[in-house]
Amino acid sequence: MEITHRIVETNGIKMHIAEQGSGPVVLLIHGFPELWYSWRNQIPVLAEAGYHAVAPDMRGYGGTDAPLGAQNYTVFHIVGDLIGLLDGLGVEKAFVVGHDWGSLIASYLSLFRPDRVIALVNLSIVLQPRDPRTKPIERMRTILGEHYYICRFQEPGRAEEEFSRYDCETVMKKFLLTTGTGLFSAPPEKGILDVLKTPTVIPSWITEEEIQYIAKQFEKTGFTGGFNYYRALNLNWELLAPWTGARITVPTKFVVGEKDLVYATPGMKNFIHGGGLKKISPFLEEVVVIEDGHHFIQQEKANEISDHILKFFGRISSL
């Protein structure tokens, strides 16, 4: 039994998926700048445990179509892609796991269509409630500064130019291997990637060949598809007005690395541990902070993450 690949037509686009196993579907949703390949360690483990693991390249990434324009990357487009994927797989409900942007998409999938989600495991990033008074980019500029990376990503072409100063393998090393916990921000005279160190030693949890595989995919596609998720944030805010105050009503588990740079963002720990996350996710059952874990936790701590997923979904299945 090996990982297989195919193209699925969904929501007006062609989506590449990697899959393995048979049984209840576990939908694995990656973030930025990633691919289905971020779940390479979890897919065979889930398949061995009796699940059908499905990991798509999300809209704008890898072998999946990348429509032009940030207006085509709202959370409604992305969730629509996943509903079409589930329909194409012929399943009514799935277990869902998200990381980074994938956690946000998984949360919106659970918010919009709880009838299609059995249970949710999110890694690294949490959905925060919509503030009806302030658009998210303006809020970030006020709190985190105009040079915060998400603010820097807003201008079409700017981030692309800054990323193009480095080859894709270096870009991936800077992102995947970062261990800093400071605010991801850069002074105006520097590119956003200039502030990330390029490690000279590759950690044991990833190989040069794996980094090269990821880099080659981004050499083909570039990074604009991923940037468009960030560029649609204000449009999302406008479209999400009817869901102001809505809550996620599926069983949920959240796992984060102790040294994740997003976890270190001002106010984030208080939101997660001080009741904010429980308020928006009233069926949140557990929050796990993994010692010495960083942002790309499902790769860095692959066995631990697989165990957390299996134990949670196994318990939900036994109810």
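Nothing here was measured: the structure is a model prediction, and the numbers come from that model. All residue numbers in this chain count up from 1 along the given sequence.
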Classify the ring geometry between H16 and W36 as parallel (under 30°), tilted (30 to 60°) or perpendicular (over 60°). perpendicular

Under a 3.5 Å distance rule, please check whether T265 uses its side chain to pair with a backbone N or O of M268 as donor and acceptor. no

Tell me, do I305 and L123 make a side-chain contact under 4.5 Å, heavy atoms counted? yes

If hydrophobic clusters are built from ILVMFWY residues whose side chains come within less than 4.5 Å, do L86 and I7 share one? no

Residues, nucleotides or ligands: over 12 heavy atoms within 6.0 Å of R158 CZ: yes

Kindly indicate whether the side chain of V250, heavy atoms from C-beta on, has any atom under 4.5 Å from the side chain of I118. no

G98 versus S103, closest heavy-atom pair with distance: O-OG, 2.8 Å

Using salt bridge (Lys or Arg N to Asp or Glu O under 4.0 Å), reason through K253 and E286 one step at a time and then give a plain yes or no. CA-CA 5 Å; K253 180 174 185 173; E286 189 177 4; 3.5 Å; yes

Say whether, by atom type as modelled, one donor and one acceptor occur between the side chain of K190 and the main chain of V195 under 3.5 angstrom. no

Checking side chain to side chain donor-acceptor pair (under 3.5 Å) for the pair H294/D260: CA distance, chi angles, key distance, verdict? CA-CA 4 Å; H294 298 86; D260 189 320; over 6 Å; no

When you look at D167 and T170, which way does the side chain to side chain donor-acceptor pair (under 3.5 Å) test go after all the steps? CA-CA 5 Å; D167 62 83; T170 301; 2.9 Å; yes

Is any NZ, NE, NH1 or NH2 atom of the basic residue among D87 and R116 found under 4.0 Å from an Asp or Glu carboxylate oxygen of the other? yes

Cluster check Y73, I13: I/L/V/M/F/W/Y, side chain < 4.5 angstrom: no

When rounded to the nearest 0.5 angstrom, what distance separates CD in E9 from CG in L85? 12.5 Å

Side-chain contact, heavy-atom cut-off 4.5 Å: D292 with K259? yes

Between N41 and S306: side-chain donor-acceptor atoms closer than 3.5 Å: no

Shortest non-hydrogen contact from F76 toward L240: CZ-CD2, 3.8 Å

Go through the steps to decide whether E160 and T224 satisfy the test side chain to side chain donor-acceptor pair (under 3.5 Å), and finish with yes or no. CA-CA 7 Å; E160 285 88 342; T224 299; 2.8 Å; yes

Return the CG to CG distance between L127 and N122, rounded to the nearest 0.5 Å. 8.5 Å

For residues L196 and L193, determine if any side-chain heavy atom of one lies less than 4.5 Å from a side-chain heavy atom of the other. yes

Donor-acceptor pair, Q299 side chain versus F296 backbone, under 3.5 Å? no

Does R59 use its side chain to pair, donor to acceptor, with the backbone of N72 at less than 3.5 Å? yes

Side chain to side chain contact (heavy atoms under 4.5 Å, CB included), that's the test. Do K216 and E169 meet it? Break it down for me. CA-CA 8 Å; K216 284 178 182 177; E169 187 174 339; over 6 Å; no

State, to 0.1 Å, how close R231 and A159 come at their nearest heavy-atom pair, and which atoms those are. NH2-CB, 4.1 Å

Do you know which of T64, T221, I17, D65 makes side-chain contact (heavy atoms from CB on, under 4.5 Å) with D57? T64

So, the side chain of E34 versus the backbone of G31: is there a donor-acceptor pair under 3.5 Å, distance only? yes

May I ask you to decide if H295's main-chain N or O and S124's side chain share a donor-acceptor pair within less than 3.5 Å? yes

Indicate yes or no: at least one non-hydrogen side-chain atom of I29 is less than 4.5 angstrom from one of H99. no

Working to the nearest 0.5 Å, report the span between CG of N11 and CD1 of I78. 9.0 Å

Heavy atoms of F283 and I248 approach each other most closely as CD1-O, 4.1 Å

Taking the six-membered ring for Trp, is the centroid-to-centroid distance between Y213 and F218 below 6.0 Å? no

Answer yes if the ring centres of F163 and F227 are under 6.0 angstrom apart, and no otherwise. yes

Would you say the ring centroid of Y230 lies under 6.0 angstrom from that of F32? yes

Within the 4.5 Å heavy-atom criterion, are K301 and V255 side-chain neighbours or not? no

Please check this pair: side chain of W237 against backbone of T134, looking for a donor-acceptor N/O pair closer than 3.5 Å. yes

Identify the heavy atoms of L120 and F312 that sit nearest to each other, and give their distance. O-CE2, 3.5 Å

Both conditions, 6.0 Å and 45 degrees, for the charged tip of R130 above the ring of W243: are they met here? no

Contact summary for A186 and H147, nearest pair of heavy atoms: O-CB, 2.9 Å

What do the steps show when you test T207 against E210 for side chain to side chain contact (heavy atoms under 4.5 Å, CB included), and what is the final call? CA-CA 5 Å; T207 67; E210 288 172 326; 3.2 Å; yes

I'd like to know if the side chain of E19 and the backbone of I3 have a donor-acceptor N/O pair within less than 3.5 Å. no

Count the heavy atoms belonging to other residues, nucleotides or ligands that lie under 6.0 Å from CD of E291, then report whether that count exceeds 12. no

To the nearest 0.5 Å, atom CE of M140 lies from atom OG of S185 at 12.5 Å

Fit a plane to each ring of Y51 and F95, take the angle between them on a 0 to 90° scale, and name the class: parallel (under 30°), tilted (30 to 60°) or perpendicular (over 60°). perpendicular

A cation-pi test, strictly: NZ or CZ of R152 under 6.0 Å from the centre of the six-membered ring of Y149 and no more than 45 degrees from its axis. Yes or no? no

Side chain R247, main chain K278, donor-acceptor under 3.5 Å: no

Within-4.5 Å side-chain heavy-atom neighbours: P251 and F313: no

Any side-chain donor-acceptor pair under 3.5 Å between Y166 and D194? yes

Taking the six-membered ring for Trp, are the ring centroids of Y37 and H30 within less than 6.0 Å of each other? no

I'd like to know whether Y229 forms a side chain to side chain contact (heavy atoms under 4.5 Å, CB included) with Y61, so could you lay out the CA-CA distance, the side-chain angles of the two residues, the decisive distance to 0.1 Å, and finally the verdict. CA-CA 11 Å; Y229 285 62; Y61 289 92; 3.7 Å; yes

When rounded to the nearest 0.5 angstrom, what is the spacing between OG1 in T74 and CD in E238? 11.5 Å

Rounded to the nearest 0.5 Å, what's the gap from OG on S107 to CD1 on I125? Could you check? 10.0 Å

Is there a side-chain contact between Q128 and I280, using heavy atoms and a 4.5 Å cut-off? no

Could you tell me whether E2 atom CD has more than 12 heavy atoms of other residues or ligands within 6.0 Å of it? no

Using ring centroids (six-membered ring only for Trp), state whether Y148 and F184 fall under 6.0 Å. no

For A241, does its backbone N or O pair with a side-chain atom of T244 as donor and acceptor, under 3.5 Å? yes

Check ion pair K93-D115 (N to O, under 4.0 angstrom): no

Kindly indicate, with the supporting measurements, whether the criterion side chain to side chain contact (heavy atoms under 4.5 Å, CB included) is fulfilled by F153 and I192. CA-CA 9 Å; F153 284 176; I192 193 66; 4.1 Å; yes

